[in-house]
S.K.: 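One structure is given below, represented as structure tokens, and several questions about it will come after.
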Amino acid sequence: MKPLAGLKVLDFSTLLPGPYATMLLADLGADVVRVESPTRDDLVRNMKPQIAGQSAAFRYLNRGKRSITLDLKHADAADVIHKLINEYDIVVEQFRPGVMQRLGLDYAALAEVKPDLIYCSISGYGQTGAYADKAGHDINFLSLAGVASHMGRADAGPCPLGVQVADQAAGSHPAVVAILSAVIQRDRLGKGAQIDISMADNSVALQALLAPGALNGAPEDSYESHFLNGSGFYDYYRTRDQRYISVGSLEPQFKQRLLETLKATELARLSDADLKVQLKEIFITEDLAVWQQRFSDVDACVEPVLTMTEAAQHPAFVSRDLIQTTADGEVQIAPAIRFDNEANELPAEAPVRGADTDLVMADAGLNNDEINNLRAAGVFG
């Protein structure tokens, strides 16, 4: 029995922030049903590479879920959702503010049917405010939130990241925290909740070390101006074979082990900035494999920068069964949240679009004739 077994989620989201949030809920045992357009594809489904007609990324984000198709613009669609909603605890949606209201599926409308509903909206700039109706992506949220002003190099400025920090760390994760908090509140008080997750707001909130000082009169940090963003020796270093190694040896004991391993203890007297210059000259003299071997048994917070393929084979993750292979040969990241120190098995594979429409409708009490009539009317596409 997984921790969230019994919770039922109706998921109207696409792309990344909402699907990643509901994947976490599904990994923890919630029954997540995706409500998909019959005509408009989730763009992530069409990314490459493809596995059995759906992208590897889509299959990861939507594993363990079920899928129904519903034309939300159809005149009867809202009535169908109103029939379904009593079976569900949570709604997750990711449209721009106002869209769900126009469809008759906003919190006020659904809460009339199910007063204890937990309704989570994930958007770029929140449901209210000057930017509520404006479009944006991860890079924009990080820019407006101030994150990009100190995330990069002094000679090059900000750089795009391969991980969507605003979408996931400032969108998906706060959404899951808020949803589960609302579940606890509902269990205590019997009331539902309307949750407003702004990825831009939460990007501001992520800056726990730099923002408080800047907001209270300290000089603004910029690129490579803080000991954690490149001003000191806490950084990445190029090796002879054009690879990189990370040095995070901030504490005195780790710094000492770093310098002892490099046979350069005389550098301890240098400032962090001057030490960084010397470390660049040292690490460029050998290939990454040499440094990996030299630091493999040294507890100094020094690690190689690995590719994803290399990471999947690294003992840190192999020993925890984090990377698993299905019977069909698909390799996936297993659920990373553990309970009782037990490795997680891979959930069921992601459904094809609309695969569970009839079963979900039947679970909500619709009979075969009603389901067939809705299909004939084009409600399911």
Side-chain angles (χ1 to χ4, degrees), residues 13-24 27 42-51 54-63 94 122 124 135-176 199-200 202-207 209-210 223-224 226 228-230 234-239 241-248 288 292 301-314 316-318 320 322-324 330-337 350:
S13 66
T14 59
L15 301 175
L16 180 58
Y20 188 80
T22 55
M23 181 196 77
L24 294 175
D27 284 352
D42 184 333
L43 295 179
V44 175
R45 180 184 264 116
N46 296 325
M47 289 172 60
K48 295 185 184 305
Q50 293 274 306
I51 300 173
Q54 304 191 104
S55 74
F58 184 90
R59 288 171 66 85
Y60 172 62
L61 287 169
N62 295 288
R63 65 190 185 189
Q94 195 183 297
I122 304 172
H137 280 296
D138 189 273
I139 195 170
N140 309 123
F141 311 141
L142 295 178
S143 298
L144 281 186
V147 177
S149 73
H150 52 78
M151 180 186 72
R153 295 297 185 187
D155 61 353
C159 61
L161 298 176
V163 174
Q164 283 60 55
V165 173
D167 285 356
Q168 294 171 272
S172 311
H173 285 281
V176 171
M199 290 179 275
N202 281 283
S203 294
V204 174
L206 282 174
Q207 299 170 89
L209 296 182
L210 298 187
Y223 312 108
E224 298 182 286
H226 188 273
L228 288 176
N229 81 349
Y234 180 96
D235 211 330
Y236 301 100
Y237 295 87
R238 194 191 302 267
T239 59
D241 54 347
Q242 305 304 302
R243 298 290 301 272
Y244 288 88
I245 192 163
S246 63
V247 174
L288 180 64
Q292 277 186 267
C301 302
V302 177
E303 299 294 350
V305 175
L306 301 179
T307 66
M308 273 305 309
T309 303
E310 291 169 338
Q313 298 166 355
H314 193 276
F317 307 116
V318 172
R320 289 177 59 81
L322 184 65
I323 309 300
Q324 298 183 20
E330 180 181 358
V331 181
Q332 271 201 16
I333 305 164
I337 299 172

S.K.: If you look at every heavy atom in Met23 and Leu61, which pair is closest and at what distance?
M.R.: CB-O, 3.2 Å

S.K.: Of all the heavy-atom pairs spanning Tyr223 and Ala154, show the shortest one and how long it is.
M.R.: CB-N, 3.6 Å

S.K.: Let me know which of Arg63, Gln324, Arg59 forms a side-chain contact (heavy atoms from CB on, under 4.5 Å) with Glu330.
M.R.: Arg59

S.K.: Just by distance, do the side chain of Ser246 and the backbone of Tyr236 share a donor-acceptor pair under 3.5 Å?
M.R.: no

S.K.: Keeping to residues at least two apart or across chains, list the salt bridge (Lys or Arg N to Asp or Glu O under 4.0 Å) pairs with something in residues 146-156.
M.R.: Arg153-Glu224, Arg153-Asp235

S.K.: Run the side-chain contact (heavy atoms from CB on, under 4.5 Å) test on Asn202 and His173 for me, step by step, so that the C-alpha distance in whole Å, both residues' side-chain angles and the decisive distance to 0.1 Å come before the verdict.
M.R.: CA-CA 10 Å; Asn202 281 283; His173 285 281; over 6 Å; no

S.K.: If I compare all heavy atoms of Gln168 with all of Pro174, which pair ends up nearest, and what's the gap?
M.R.: O-CD, 4.1 Å

S.K.: If we only count heavy atoms from C-beta on, is the Ser55 to Val44 side-chain gap below 4.5 Å?
M.R.: yes

S.K.: Considering all heavy atoms of both residues, which atom of Ile122 and which atom of Gly18 are nearest to each other, and what is their separation?
M.R.: CD1-CA, 3.9 Å

S.K.: Drop me the distance from Gln292's CD to Thr239's OG1, to the nearest 0.5 angstrom.
M.R.: 9.0 Å

S.K.: Distance from Ser149 atom OG to Leu144 atom CG, nearest 0.5 Å?
M.R.: 11.5 Å

S.K.: Rounded at 0.5 Å granularity, tell me how far OG in Ser143 sits from CE in Met151.
M.R.: 7.5 Å

S.K.: In Å and rounded to the nearest 0.5 Å, what is the NE2 to CG distance from His137 to Leu15?
M.R.: 7.5 Å

S.K.: With the side chain counted from C-beta on, respond yes when Leu142 and Val165 share a heavy-atom pair under 4.5 Å apart, and no when they do not.
M.R.: yes

S.K.: A quick test of your reading: do over 12 heavy atoms of other residues, nucleotides or ligands sit less than 6.0 Å from NE2 of His226?
M.R.: yes

S.K.: On a heavy-atom basis, which atom in Leu161 and which in Gln164 lie closest, and how many Å separate them?
M.R.: O-NE2, 3.8 Å

S.K.: Contact between Gln54 and Asn62 at the side-chain level, heavy atoms closer than 4.5 Å - yes or no?
M.R.: no

S.K.: With a 4.5 Å limit on heavy-atom distance, are the side chains of Asn46 and Phe58 in contact?
M.R.: no

S.K.: What are the two closest non-hydrogen atoms of Ser203 and Ala145, and how far apart are they?
M.R.: CB-CB, 3.6 Å

S.K.: Within the 4.5 Å heavy-atom criterion, are Leu209 and Leu228 side-chain neighbours or not?
M.R.: yes

S.K.: So, do Asp167 and Tyr20 sit near enough that their side-chain heavy atoms are less than 4.5 Å apart?
M.R.: no

S.K.: Side chain of Asn229, backbone of His150: donor and acceptor closer than 3.5 Å?
M.R.: yes

S.K.: Judged by atom type as modelled, is there a donor-acceptor pair below 3.5 Å linking the side chain of His314 to the main-chain atoms of Ala316?
M.R.: yes

S.K.: Measuring only between side-chain heavy atoms, which start at C-beta, is Val318 closer than 4.5 Å to Ile323?
M.R.: no

S.K.: Glu310: which residues meet the side-chain hydrogen bond (donor to acceptor under 3.5 Å, both in side chains) condition with it, sequence neighbours left out?
M.R.: Arg243, Thr307

S.K.: Is the shortest side-chain heavy-atom distance between Thr14 and Leu43 below 4.5 Å?
M.R.: no

